[in-house]
Amino acid sequence: MIRRIIRKRRPAPTLAGISLEEELALIRVELMYGLRVNREAYLRRKVDERNEMATRMRERDAADMLSDLRGSLERAVQPTVVDLHSRRRSHSAQDPEPA
């Protein structure tokens, strides 16, 4: 049975192909929101985005890209500090739930 599953697997995604994960995500969008996704338009946009990214990467220095990534990560992830002692006290002060 495992051999049959492996043989039926789709090949690795090509430059202009939709991966299995992407196809499942598109189907999920269609079912959840009642939309119809045009696969050809999706593939065209995917290829355009890859070409644009390749052009950007060719034009930039690796150190510049790394500093941009660090900056975007710092903006995206804001550290949160949680005082565990105060949280424990607030939980112990409450009455236990009735059984």
Side-chain angles (χ1 to χ4, degrees):
M1 180 169 168
I2 293 176
R3 289 183 184 179
R4 199 173 341 149
I5 292 172
I6 292 174
R7 271 189 272 140
K8 288 186 178 183
R9 286 189 66 193
R10 299 173 83 185
T14 60
L15 181 63
I18 298 177
S19 69
L20 182 60
E21 291 83 8
E22 289 172 318
E23 182 66 32
L24 290 173
L26 293 174
I27 291 171
R28 194 175 307 125
V29 165
E30 290 177 341
L31 292 173
M32 287 177 63
Y33 300 105
L35 301 174
R36 182 73 184 133
V37 178
N38 183 344
R39 302 296 195 271
E40 291 176 20
Y42 176 82
L43 284 173
R44 280 194 300 273
R45 183 170 181 157
K46 183 177 173 181
V47 170
D48 290 345
E49 287 176 355
R50 284 189 183 184
N51 291 338
E52 182 183 338
M53 183 58 68
T55 303
R56 275 195 218 161
M57 290 183 75
R58 270 187 245 116
E59 294 172 353
R60 301 197 54 195
D61 183 36
D64 291 338
M65 287 190 286
L66 183 60
S67 67
D68 284 350
L69 283 173
R70 280 190 182 135
S72 64
L73 280 173
E74 287 171 359
R75 286 189 302 276
V77 178
Q78 297 179 0
T80 54
V81 178
V82 177
D83 184 9
L84 295 177
H85 294 291
S86 65
R87 295 185 75 169
R88 286 186 186 142
R89 278 188 227 122
S90 67
H91 288 317
S92 62
Q94 295 174 352
D95 292 333
E97 293 183 22

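Annotation for Ile18 and Glu23: closest pair CG2-N, 3.6 Å, computed over non-hydrogen atoms.
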Step by step, would you call Asn51 with Val47 a side chain to side chain contact (heavy atoms under 4.5 Å, CB included)? CA-CA 6 Å; Asn51 291 338; Val47 170; 3.6 Å; yes
Go through the steps for Met53 and Glu49 under the test side chain to side chain contact (heavy atoms under 4.5 Å, CB included), then give the verdict. CA-CA 6 Å; Met53 183 58 68; Glu49 287 176 355; over 6 Å; no
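The distance from atom CG of Leu73 to atom CZ of Arg70, rounded to the nearest 0.5 Å, is 9.5 Å. With rounding to the nearest 0.5 angstrom, the CG atom of Leu43 is 11.0 Å from the CG atom of Asp48.
In this structure Arg56 satisfies the salt bridge (Lys or Arg N to Asp or Glu O under 4.0 Å) test together with Glu52, sequence neighbours excluded.
Each of Leu35 and Leu31 belongs to its own hydrophobic cluster when Ile, Leu, Val, Met, Phe, Trp and Tyr are linked at side-chain heavy-atom distances under 4.5 angstrom.
A salt bridge does not link Arg45 with Glu22: every distance from a Lys NZ or Arg NE/NH1/NH2 to an Asp or Glu carboxylate oxygen is 4.0 Å or more.
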